[in-house]
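Before any comments, here is the structure.
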Amino acid sequence: MSTKQVYLDNAASTPVDKRVLKEILPFFGEKYGNASSVHSSGREGMEAIQKAREKIAKAINAEPEEIIFTSSGTESNNLLIKGFARAGLEKEKHILTQKTEHDAVLHPIEELAKQGFETRVLEVDREGFFQMEEFEKEAGRAGLASIMHANNEIGTIYPIKKIGKICREKGTVFHTDAVQTVGKEKINVKKMKIDALSASAHKFYGPKGAGFLYLKEGIKIEGLMSGGGQERKLRPGTYNTQGIVGMGKALEIANKEMNNAKEKEKKMQKELAKRLMEIDDSWINGPKIGSKRLANNLSAGFEYVEGEAMLIKLDDYGIAASTGSACSSDSLKASHVLLGIGLRPRRAHGTLRFSLGKQNNIQDVKYVGEKMKKVVGELRNISPLKKGVIK
Amino acid sequence: MSTKQVYLDNAASTPVDKRVLKEILPFFGEKYGNASSVHSSGREGMEAIQKAREKIAKAINAEPEEIIFTSSGTESNNLLIKGFARAGLEKEKHILTQKTEHDAVLHPIEELAKQGFETRVLEVDREGFFQMEEFEKEAGRAGLASIMHANNEIGTIYPIKKIGKICREKGTVFHTDAVQTVGKEKINVKKMKIDALSASAHKFYGPKGAGFLYLKEGIKIEGLMSGGGQERKLRPGTYNTQGIVGMGKALEIANKEMNNAKEKEKKMQKELAKRLMEIDDSWINGPKIGSKRLANNLSAGFEYVEGEAMLIKLDDYGIAASTGSACSSDSLKASHVLLGIGLRPRRAHGTLRFSLGKQNNIQDVKYVGEKMKKVVGELRNISPLKKGVIK
Amino acid sequence: MSEAYSEKVMNYFRKPKNIGEIEDADAIGKVGNPTCGDLMWVYIKVGKKEDKEILKDVKVKTFGCVAAIATSSALTEMAKGMELEEAGKITKQDIADELGGLPPAKMHCSMLALDGLKKAIEEYYGKQYEKSK
Amino acid sequence: MSEAYSEKVMNYFRKPKNIGEIEDADAIGKVGNPTCGDLMWVYIKVGKKEDKEILKDVKVKTFGCVAAIATSSALTEMAKGMELEEAGKITKQDIADELGGLPPAKMHCSMLALDGLKKAIEEYYGKQYEKSK
Ligand SMILES: Cc1ncc(COP(=O)(O)O)c(C=O)c1O
Ligand SMILES: Cc1ncc(COP(=O)(O)O)c(C=O)c1O
C-alpha cells in the first residue's frame with residue numbers, strides 16, 4: 001500500500017470536520033437524553049436540535065420551521081417526491097424532471113409512474129443541460145418539478161433561479177436535490193423561489209446518517225413513516241441528536257468558508273484537468289472548466305480502458321476516486337448520466353470522477369495526474385483496443 | 001440544579017457505551033469513505049459494516065443477509081408493515097396487532113386501514129396481555145401479525161415463542177417490535193419462529209440514528225424509499241457507517257453482559273417498587289414485579305397528581321424519568337397503552353415510567369424513592385382531589 | 001413538551017402562590033378539562049373597597065401539569081384585589097403575557113384557570129341574587 | 001463492488017500473465033460483453049505433444065474491469081500446455097476456483113474469458129477443416 005494518500009472522492013462522502021466532531025461528542029456519552037423527553041437531559045438535546053435547525057435555516061435563508069430532519073439525501077428526496085404525490089397531486093398533472101438526476105430522484109418518480117402518475121423526463125445535451133424552452137412548456141402541465149442544483153457525476157450546475165421563477169409563475173411546486181451544492185454554492189430559497197430542497201450532511205463534512213428537507217410553509221406532503229409526533233409527524237422516530245447537531249455545525253462552517261474553499265478547488269480543478277488532458281484520447285465530461293459547473297468535480301474519460309481497473313490501480317497508489325457514482329457501483333450498467341449526455345457505453349465505462357475537498361492541495365492533484373498517466377498507459381498495454389499512447 | 005444526577009429514562013434512550021464510542025470514532029475523521037466506493041477507504045467501511053451485520057445476525061441467531069440496516073426502530077416498523085402490505089398482502093387477509101403496540105406499529109397499520117386493508121387490534125387485560133385463544137383464532141385470517149416483544153411503557157413481555165409457533169402453523173407472517181428487548185432479553189429468531197424483527201441501537205447503548213430490520217429470507221417486502229442499490233435496494237442511501245458499526249458493537253456487548261445487567265436491574269426494580277409503594281394511593285402498571293415483564297421497567301401511578309408536574313419536580317432533584325413514552329410527549333392525550341389496560345384518563349395522567357440502565361445503582365433508586373415521596377406530597381398539597389397522605 | 005417553559009412559568013410552578021382553600025369562601029369555581037385531565041378549584045372571598053366589590057382573596061387548588069399549576073397560580077395573583085367585574089375580563093393572553101408566554105399546546109391551561117375564576121364569580125353573583133330575592 | 005476481490009484476483013490483476021498478442025497466432029477469439037462493455041481477444045498457438053494437439057501458447061488482451069483482466073489472465077495460465085479438447089472443457093467454476101472465488105456480480109467475466117478461448121479453438125478447427133478440404 002502506498003504511504004501517500006490522496007482522497008479525491010469527496011462527492012461520495014467527506015470526512016467529518018474536527019470542529020463538528022468536537023460539537024457532537026458530548027451527545028454520545030453525557031447529553032444522551034431523548035430530545036422529546038421532559039427532563040433536563042431531553043430539553044438540552046431539544047435545544048441543541050433547535051439551534052441546529054436555526055443554523056440550517058439561516059444557511060439557505062429559510063425559516064426554522066421549514067426544516068425537516070431526515071437520515072439522508074435519499075430520504076429527503078423520497079419524502080418530498082412521494083409525499084407530495086400522495087398528499088394529493090392530481091393525476092393529470094405531470095411530475096417533471098430531467099435525465100441526469102440522481103437515482104434517489106429518478107427511482108421514486110419511476111415508482112410513481114407505475115402507480116399511474118404522469119411523468120416526464122427531459123433529455124439533455126452533451127453538457128447535461130436540458131432545453132429551457134422545453135422545460136417552460138412542460139412546467140405548465142406539471143404539478144411538481146424536480147431539478148437538481150448540481151449533478152454529482154459531471155458537475156453541471158443547473159440555472160435554479162430561472163427554473164424557480166418559471167415554476168412560481170406556472171404554479172408548479174419546485175423541488176431541488178441540492179445534495180452536491182449545500183455548503184458549496186450559495187443557496188437562497190426565497191430569492192431562488194425554491195419550494196423544497198434536499199441535502200445530506202456527509203457531503204459537507206458532517207456526519208453520515210443525517211439529512212434534511214427544506215419544505216416551504218404551506219406545501220402539504222405525506223410522511224413516508226408514521227409513529228411518534230416528531231417533525232410535525234412528518235418524520236417520526238427518536239431524534240438523531242448528534243447527527244442533527246453535527247449537520248448544523250458542519251453547514252455553518254461550510255457556508256462561512258465557502259468562498260475560500262471554492263477558490264482553492266477551482267485552482268486544483270484546473271491543474272488536474274490540464275494534467276489529465278495530457279493523456280492521449282482523453283476528454284472531460286460536463287460543462288467546460290470555468291463555466292457552469294461545480295468547482296470540486298472533474299469527470300474525465302479515457303479511451304480503450306475501463307474505470308474499475310483504473311480505480312484499483314489508483315488505489316494501489318493511495319488515490320481514492322470513483323467511477324460514475326458510488327451509490328450505484330453495485331450495478332454493472334454504465335451510468336445513466338454518462339449515457340444521458342450521449343456517451344457510448346464503452347466510453348462511459350472508461351470514465352472516472354475525481355472530486356476535490358478541503359483536505360486536498362495542489363500537490364495532491366499533481367501526484368494524481370502523474371499516476372494517471374502510468375495507470376492509463378499500463379491498462380492500454382493490455383487492452384485489445386489500442387496500444388498505449390501517451391503524449 | 002441538583003448535583004446528584006439519576007437517569008431513569010433508559011427506555012427512551014441510553015448513553016453510548018464508551019467501548020462503542022471508541023469503535024466508531026475512526027469512522028468520522030479517518031475512515032470516512034463511502035462504503036459503496038471501490039477504493040480502500042470505501043472497502044474498509046464496507047468490511048466494518050459486514051462485520052457489524054454478522055455480529056447483529058449472531059446476536060439474534062439470524063443470517064447476515066437477513067439484516068437490513070435502517071435509521072431507527074420507527075423506520076424498521078414502517079418498512080416491514082407498509083412494505084409487506086404493499087408487496088402484495090391480499091386485501092381479504094387481516095393485519096393483526098394488539099392494543100399496547102408502539103405508535104410506530106399502530107399508526108402504519110391505521111394508515112393501511114385507511115387504504116382499505118383489513119386490520120384487527122386485540123384488546124388487552126390489566127397487565128397488557130391479550131387472549132391467546134383470540135389471537136389464535138384471528139391469526140388464521142391474518143396475512144401479517146405484529147406483536148411487540150415487550151411493551152415500552154409498562155414492561156409486559158409477550159409470549160413471542162408461542163405466538164411464533166401459532167403464526168408459523170397458520171402461515172401468517174410474524175413481525176415483532178423488539179426495540180425494548182434486543183440486547184436485554186434473549187432472542188433466537190429461528191427458535192422463536194420470528195419472521196421479522198425491529199430494533200433501534202440507541203435503546204441498547206448504541207448511537208441514535210441507527211436501527212435494523214431482521215427479515216427472514218424469502219419474505220418479500222417493498223422499500224419505503226428508492227434510489228441507490230444499498231441493502232438490496234430495500235433501503236437505499238449512503239451507509240451510515242459509524243452508526244452501523246456502533247450498533248454492531250453495542251449489541252455484541254449488550255448480549256454478552258445481558259445476564260449480569262438483568263440481575264442488577266431486577267434488584268433495583270424490586271427496591272424501587274417497594275419504596276414507591278410506600279406512598280399512599282399508588283400502584284404499579286403492568287405485570288407483577290418478578291413475573292413476565294422487563295427487568296428495567298417500572299411504571300407506577302399516583303392518585304391525585306399529574307405526571308408532568310412530578311417529572312419537573314424530579315428534574316429539579318436531578319432525576320430523569322418519563323410519563324408515558326417520550327415519543328408521544330408532544331401530545332396531551334393520555335397514553336393509549338395506559339388507557340388500553342383500563343386506566344381512567346386521570347389515573348393515566350398520574351403515571352410515571354422509571355426505566356433502569358447499567359449506569360444506575362441501588363443508591364440511585366433509594367434516592368428516587370425518597371424524592372418521590374416529597375414530590376407526590378407537595379403536589380397533593382395543591383391538588384383539589386385529596387390532601388397529601390404519605391404512609 | 002418540545003417547547004420549554006419560560007423562566008416565569010417555572011417560578012410560578014416551583015413556588016406557586018395562593019395555593020390552598022379559603023375555609024369560608026364566598027364561592028368556589030370547580031372546572032376540569034376532560035382531554036388532559038386537569039382539574040382546578042378556584043376559591044374566592046369578596047370584600048368591599050370604596051363601594052365596589054373586589055376580590056379580597058383568591059386561592060386555587062390544581063390537579064394538572066406544570067402549565068396548569070403555573071397559570072392558576074398566576075391568575076390568582078393577577079385577580080387578587082381586582083374589582084369583580086374587571087377580574088371577569090382577564091383574557092388568556094393576559095395570563096400568557098404575565099407568564100412570559102406559554103407553549104401553544106398549553107394555552108388551553110390558561111383558559112381553564114380563567115373558566116374557574118369566572119365560574120366562581122358567577123356562583124357568587126348567583127348566590128347574591130338568591131339572597132336578594 | 002460491495003464484495004471485495006480475493007487476494008488471488010488482485011494478484012492476477014496487478015501482475016497479469018500472458019498478456020499481449022501472439023504475432024503468428026493460429027487463431028484469435030474475439031469476444032465482448034455488451035452490458036458491461038468488456039472486450040477480450042484470446043490468441044492461441046497450437047503445437048504437438050506426443051501426437052496430440054496442445055495449446056503451446058495462449059495470450060490475451062483485455063478491455064475490462066479487474067475481474068475481467070484477472071479471469072482472462074488466469075484462464076491463459078490454466079489453458080497453456082493443455083490438450084485442445086481438454087481446454088475446451090474448462091468451466092467457469094474452474095476459473096473461479098483458481099481465483100479463490102469471484103463476486104457473484106462478476107461471475108460473467110469468467111464466462112467471457114471461456115467464450116474467448118472456445119472461439120479461438122473453434123476458429124482453429126475451422127481453419128484446419130478448410131485446409132483439409
Ligand atoms: C445529487 C445527489 N442526490 C442524492 C444523493 C443521495 O444522498 P445520500 O446517499 O446521502 O442518501 C447523492 C449522493 O450520493 C447525490 O449526489
Ligand atoms: C417498543 C418501541 N417501538 C418503537 C420505538 C421507536 O424507536 P425509535 O424512536 O428509535 O424510532 C420505541 C422507542 O421509542 C419503542 O419503545
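If you're wondering where the values come from, they're calculated on a predicted model, not measured in any experiment. In what follows, every chain begins at residue 1, and chains take the letters A, B, ... in the order their sequences are listed.
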Would you check, one step at a time, whether the test side-chain hydrogen bond (donor to acceptor under 3.5 Å, both in side chains) holds for B/D315 with A/S40? CA-CA 7 Å; B/D315 192 47; A/S40 307; 2.6 Å; yes
At a 4.5 Å cut-off on heavy atoms, which part of A/L106 comes close to chain B: side chain, backbone, both, or neither?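 The answer is neither part of A/L106.
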Honestly, the part of A/T70 sitting under 4.5 Å from a heavy atom of chain B is neither
With side-chain hydrogen bond (donor to acceptor under 3.5 Å, both in side chains) as the criterion, how do A/N10 and A/Q359 come out once you've worked through the C-alpha distance, each side chain's angles and the decisive distance to 0.1 Å? CA-CA 9 Å; A/N10 288 284; A/Q359 73 277 52; 2.9 Å; yes
Between B/H39 and A/Y7, does the ring centre distance come in under 6.0 Å? yes
Please look at [X] and chain A and tell me whether the side chain, the backbone, both or neither of the residue comes under 4.5 angstrom of a heavy atom of that chain.
X      : result
B/A321 : backbone
B/I81  : neither
B/L224 : both
B/R232 : neither
B/S71  : side chain
B/L79  : neither

Are the side chains of [X] and [Y] in touch, meaning some heavy atoms are under 4.5 Å apart?
X      : Y      : answer
B/V375 : B/I319 : no
B/E101 : B/H336 : no
B/K203 : B/N152 : no
B/S13  : B/K208 : yes

Chain B contacts, top residue of [options] (heavy-atom pairs, under 4.5 Å):
options                      : value
A/F27, A/F28, A/Y205, A/Y239 : A/F28
A/T241, A/I244, A/N78        : A/N78
A/G29, A/P236, A/S200        : A/P236
A/P15, A/G73, A/A104         : A/P15

What option among B/G209, B/S226, B/G227 has the most heavy-atom pairs under 4.5 Å with chain A? B/S226
Considering only heavy atoms and a distance below 4.5 Å, find which of B/L21, B/D17, B/V20 pairs most often with chain A.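 Top count of heavy-atom pairs under 4.5 Å with chain A: B/L21.
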Give the intermediate values and the outcome of side-chain hydrogen bond (donor to acceptor under 3.5 Å, both in side chains) for residues B/H102 and B/N77. CA-CA 10 Å; B/H102 192 271; B/N77 284 339; 5.3 Å; no
So if I apply the salt bridge (charged side-chain N to carboxylate O under 4.0 Å, His left out) rule between A/K82 and each of A/E111, A/E75, A/E222, which one comes out positive?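 Single salt bridge (charged side-chain N to carboxylate O under 4.0 Å, His left out) partner of A/K82 among A/E111, A/E75, A/E222: A/E111.
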